[in-house]
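Scroll down for the structure; my scribbles are underneath it.
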Protein chains: 2
Amino acid sequence: MARGRPRSFDRDAALDGAMRLFWTRGYQDTSISDLTEHLGIASPSLYAAFGSKSALFCEAADLYQAREGGRPGVALAAAPTARAGVAALLRENVALFTRRGGPRGCLLTRATLSCPPSDTAVVEYLDRSRRDRLTALRSRFRAAAAAGEPLPSDDHDTLAQHYDAQVQGLAVRALEGAPRAALLRTVDLTMTAWDAMTTR
Amino acid sequence: MARGRPRSFDRDAALDGAMRLFWTRGYQDTSISDLTEHLGIASPSLYAAFGSKSALFCEAADLYQAREGGRPGVALAAAPTARAGVAALLRENVALFTRRGGPRGCLLTRATLSCPPSDTAVVEYLDRSRRDRLTALRSRFRAAAAAGEPLPSDDHDTLAQHYDAQVQGLAVRALEGAPRAALLRTVDLTMTAWDAMTTR
DNA sequence: CCTTTTCTGTAGTGGTCGGTACATATTGAG
DNA sequence: CTCAATATGTACCGACCACTACAGAAAAGG
């Protein structure tokens, strides 16, 4: 098994580096030259390992969602209440979007607004991941309602879109340079609003 | 006066077309070839009239803010209360971001997430316009507080960032294809939250 | 050993990018 | 009319894009 010359680089490490680069610069503004330079891998090796720029991005985005975006997602699902879940989702995302030494903002939001419509593979990937996020939120609200938890609204779909939009807004502001403390203050306001709508 | 061969196209109309194109495709994904083709103007004439791609974008963004973004801005300032101002700001922006036959989303938000950091002129322009938006919101809240209007929070800066983020979230969702009615439902939720926080 | 398979480095491919040199055309000034 | 000034169309610039042809290197199977 494993005939032929062995690969001279760590595929997972290369994917991790590609993820960081796409996260930092966005999809369109990250060139193959940038990748080959930062990863120390010549382009033929890159193409042999990942296929194309868009396929590499999709794999990098998978890694982003599994490792980085995983924490907020898990926090939403694992919290005992929808309120605690949404609060944790927002706070974990703020931490993720403003991590010291890490790229700012959200890899997916940035790609959504910067990838050319002609790159259908990436556009479809991003659309799918957005639907998954909304579904996760919606089902969390449905479960909470079934458990008798008071919610800001009975319209779970609108709730899901509203709180997903909060995350997107945080991502845009983080990229604009808003400090972590400022983002957390608006998260506090969002949760104050939740309480005001549920305890009245 | 006005020596030399006269310009053979309407500069304002060309600027309007450029604005629509930048709005539709973003900054980076709108090429000079796209512009020359859609405007019917060869590139030397374009450069003679506007200087460079980034200068053309800044002029187009000025036009966007004056004509299109002007309505939401005026709505915020002109409303009798901060609450009515914020509600009008959000609803006017939803209308703007989902206008039939027009580009979706916000020209500025899209450019913020898609313009390469190397294009400092555009980056600085976008940063300035963001600060102006926040200032407009902040001073509206300050005026409301001085007039005795109850607000969701005494921290006017956080309020400004929160409601500006609402607009950005709406812009991202509009670009993702969210229908106008769905955006308006989340605006209703946002204003329900305002009322819950001010009337408790 | 030799062959097959796979990867690597060099050196490109055609295409598009933002921007421009240049000759020509069209105006007002004198 | 002549001249200076400005705009136009053609045709091009070097730089960069995503991507790849090709020859040689490094492994396993025989």
Side-chain angles (χ1 to χ4, degrees), chain A residues 1-15 17-19 21-22 24-61 111 114-123 125, chain B residues 1-15 17-19 21-22 24-61 111 114-123 125:
Chain A
M1 62 302 221
R3 281 225 293 203
R5 178 172 176 172
R7 183 177 285 127
S8 67
F9 60 93
D10 182 339
R11 193 182 190 277
D12 291 339
L15 190 59
M19 181 199 72
L21 220 51
F22 280 129
T24 303
R25 310 192 182 184
Y27 176 69
Q28 198 175 5
D29 203 39
T30 301
S31 70
I32 298 292
S33 307
D34 291 334
L35 289 161
T36 60
E37 183 181 349
H38 280 254
L39 307 180
I41 302 169
S43 53
S45 301
L46 208 63
Y47 277 88
F50 299 104
S52 68
K53 185 186 177 184
S54 58
L56 173 56
F57 173 83
C58 292
E59 271 203 65
S114 76
C115 122
S118 54
D119 209 325
T120 54
V122 173
V123 169
Y125 177 93
Chain B
M1 63 297 237
R3 277 226 292 203
R5 179 174 175 172
R7 181 177 287 126
S8 67
F9 60 93
D10 182 338
R11 193 181 189 278
D12 291 340
L15 190 59
M19 181 199 72
L21 221 51
F22 281 128
T24 304
R25 310 192 181 183
Y27 176 67
Q28 199 175 4
D29 204 40
T30 302
S31 70
I32 298 292
S33 307
D34 291 333
L35 289 161
T36 58
E37 183 180 348
H38 280 255
L39 307 181
I41 303 170
S43 53
S45 301
L46 208 62
Y47 278 87
F50 298 103
S52 68
K53 185 186 177 184
S54 58
L56 172 56
F57 173 83
C58 291
E59 271 202 66
S114 76
C115 121
S118 54
D119 209 325
T120 54
V122 173
V123 169
Y125 177 93

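The sequence lines fix the lettering, A, B, ..., with proteins before strands; numbering per chain opens at 1. A quick note: this is a predicted structure, and the numbers were derived from the prediction, not measured.
Distance E37(B) CD to dG9(D) C1': 17 Å, rounded to the nearest Å. Atom-to-atom, CG of L39(A) to P of dG9(C) comes out at 13 Å; the value is rounded to the nearest Å. We find that OH of Y27(B) is positioned 12 Å from C1' of dC17(C), with the value rounded to whole Å. In this structure, L35(A) atom CG and dC17(D) atom C1' are separated by 13 Å, rounded to whole Å. When the C1' atom of dA7(D) is taken as reference, atom CZ of F50(B) falls 14 Å away, rounded to whole Å. To the nearest angstrom, P of dA26(D) lies 17 Å from CZ of F9(A). The distance from atom CG of D29(B) to atom P of dT16(C) is 13 Å, rounded to the nearest whole Å. Going from atom CG of D119(B) over to atom C1' of dG18(C) covers 11 Å, rounded to whole Å.
Using a 4.0 Å heavy-atom criterion, one finds that T30(B) contacts the sugar-phosphate atoms exclusively. Nucleic acid contact class of S54(A) (heavy atoms, under 4.0 Å, all strands): none.
Residue S45(B) holds its OG atom at 12.5 Å from CZ of R11(B), rounded to the nearest 0.5 Å. Interatomic distance, Y125(A) OH to D119(A) CG, rounded to the nearest 0.5 Å: 13.5 Å. Going from atom CG of L21(A) over to atom CG of D29(A) covers 10.0 Å, rounded to the nearest 0.5 Å. Taking CZ of F22(A) as the reference point, atom CG of D34(A) lies at 9.5 Å (rounded to 0.5 Å).
Side chain of S8(A), nearest nucleotide from dC17(D), dT27(C), dT8(C): dT8(C). Out of dG28(C), dA28(D), dC17(D), the shortest distance to the side chain of R3(B) is found at dG28(C). Taking only side-chain atoms of K53(B), from C-beta outward, the nucleotide of dG19(C), dC17(D), dA26(D) with the closest atom is dG19(C). Taking only side-chain atoms of S52(B), from C-beta outward, the nucleotide of dG19(C), dA29(C), dG9(C) with the closest atom is dG19(C). For R5(A), taking side-chain heavy atoms from C-beta onward, the closest of the listed nucleotides dG18(C), dA4(D), dG24(D) is dG24(D). Of the candidates dT20(C), dC19(D), dG19(C), dT20(C) carries the atom nearest the P44(B) side chain, counting heavy atoms from C-beta on.
The phosphate of dC19(D) has OP1 or OP2 within less than 4.0 Å of a side-chain N or O from Y47(A). The phosphate of dT8(C) (OP1 or OP2) has a side-chain N or O of S45(A) nearer than 4.0 angstrom. Regarding contacts with the backbone of dA7(D), a side-chain N or O of R7(B) is found under 4.0 angstrom from either OP1 or OP2.
A cation-pi geometry, defined here as NZ or CZ lying under 6.0 Å from the six-membered ring centre and within 45° of its normal, holds between K53(A) and Y27(A).
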How far apart are the C-alpha atoms of L15(B) and L56(B), what are their side-chain angles, what is the distance that settles it, and do they pass the side chain to side chain contact (heavy atoms under 4.5 Å, CB included) test?
CA-CA 8 Å; L15(B) 190 59; L56(B) 172 56; 3.8 Å; yes

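Sequence order on DNA chain C of the closest nucleotides to P6(B) and Q28(B) puts Q28(B) first from the 5' end. Sequence order on DNA chain D of the closest nucleotides to G51(A) and S43(B) puts S43(B) first from the 5' end.
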